[in-house]
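Comments concern the structure below.
Every number for a ligand or one of its atoms is a count from 1 in the order of the listing.
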Amino acid sequence: MARIVQKFGGTSVADIARIKAVAATVKRELDEGHQVCVVLSAMAGVTDQLVGYAANAGGAHYSPEFDSVLATGEQVTVGLLALCLQEMGIPSRSWLGWQIPIRTDGVHGRARIEAIETEALEQSFADGEVPVVAGFQGIGPDGRITTLGRGGSDTSAVAVAAALGAERCDIYTDVDGVFTADPRIVANARKLDKITYEEMLEMASLGAKVLQTRAVEMAMKTGQRLHVRTSYSDAPGTLVVDEDEIVEQEIVSGIAYNRDEAKITLVRVADRPGIAAAIFGPLAEASINVDMIVQNVSADGKATDLTFTVAKADLDRAVKTVEARKDDLGFTDLLADPNVVKVSVIGVGMRSHAGVAQRMFETLGEKGINILVISTSEIKVSVLIAEEYTELALRALHTAYGLDAE
Ligand code: ASP
Ligand code: MG
């Protein structure tokens, strides 16, 4: 008997028929003799609708009341699944974050899980029930409901799996697994059987929307194996595992892209100690995440250009924040460009192979695509290019790295 946590995303619980299919998937594992705990998202589209309501009511994105509205989507689905299971003669009960409790910090709208008490869930198991846990929510230090940020039910599932010492954490979704590239753009993308935590982390943070980045971080930290798979069949998906579980590692495992980047260039910023802190400190204080940063060596020792990227949604705030300090920073111009995309090639095999970046630059060059910013890490090369070249770049790179399906 294994203990399994199954997580189902919004499209997998989109209506009663789909929820009944989820109940059947739960039953399949129970029939194998396994113990199952389920973690759910809200029905597809519901959280967006709730965000709309709260915003129209004047709600700030990061407030206790906003969270109390947003968290209701999952309350509906957990109750419905427990009902469907009961209908099938399977004892089950729903659990809200505060009832378990799933304790988080007090950062509303993007709370982090700090601890999960397992007594109640263990008791639920001991009583022969299938516990159905509301994802995406927890309880803050002041006793208020918190939410974990969009896509947060993945993180809930991994955290619950780790807390319960689950052998498997199956993430059921509407795609077959993790692909070498977005199959909607690259027609001959392949499903990967296995991918390492590190690669998955890069893929997730680069916009491959299969898993929330934080969920992957948590899985990596706790060594929790994940299985990303479709809720439409029992076909195997992609295992997210430790590097040494992968026997034949490709040099490049996937090509990812993120359209949610906007570029800001400060022209002729003063070149003196403390200047970077003076720019990025206020952005951090405004909770604006900065992604890529490039600064040139100044030719005259006085001033240099500095380029960085932020999320598109943060662009206006970032521009205002930096412009408010124009006198202090001494730049002559601020250029903002939302029409950019970050394209990345990812693979742990890069650590031991040279020439990966070169192939990327060559391939883009041959297609006449200009590179605006480059950044690299041990297992990734990213470039920022004009957004209109997204498709062309992805397809060309997919072929260049030999990832195309036969
Ligand atoms: N329902 C939440 C959202 O749409 C959490 C999730 O689906 O993971 O972001
Ligand atoms: Mg999701």
Atom indices of ligand 1, in the order listed, that fall short of 4.0 Å to a heavy atom of Ser41: 6 (C), 7 (O), 8 (O)
Would you say Glu74 touches ligand 1, if touching means a heavy atom closer than 4.0 Å? yes
Closest to atom 6 (C) of ligand 1 (heavy atoms only, candidates Ala44, Ala157, Ser153, Gly149) is Ser153
For the residue pair Thr104 and Glu114, confirm or rule out a side-chain donor-acceptor distance under 3.5 Å. no
Consider every N or O of Gly151 and every N or O of ligand 1, then say whether any pair is closer than 3.5 Å. yes
Quick one: which ligand 1 atoms are inside 4.0 Å of a heavy atom on Thr47? 1 (N), 2 (C), 3 (C), 4 (O)
Heavy-atom nearest pair, Leu50 first then Val69, reads CD1-O, 3.7 Å
Side-chain donor-acceptor contact under 3.5 Å, Thr147 with His108: no
Need the ligand 1 atom indices (1-based, order shown) with element for anything under 4.0 Å from a heavy-atom of Arg150. 3 (C), 4 (O), 9 (O)
Say whether Gly10 and ligand 1 are in contact under the criterion: heavy-atom distance to a ligand atom below 4.0 Å. no
Any Gly73 heavy atom less than 4.0 Å from ligand 1: no
Within the distance-only criterion (no hydrogens, no angle test), does the side chain of His227 pair as donor or acceptor with the backbone N or O of Gly237 below 3.5 angstrom? yes
Side chains of Thr196 and Glu199: is there a donor and an acceptor less than 3.5 Å apart? yes
4.5 Å side-chain heavy-atom contact, Val132 and Ser92: yes
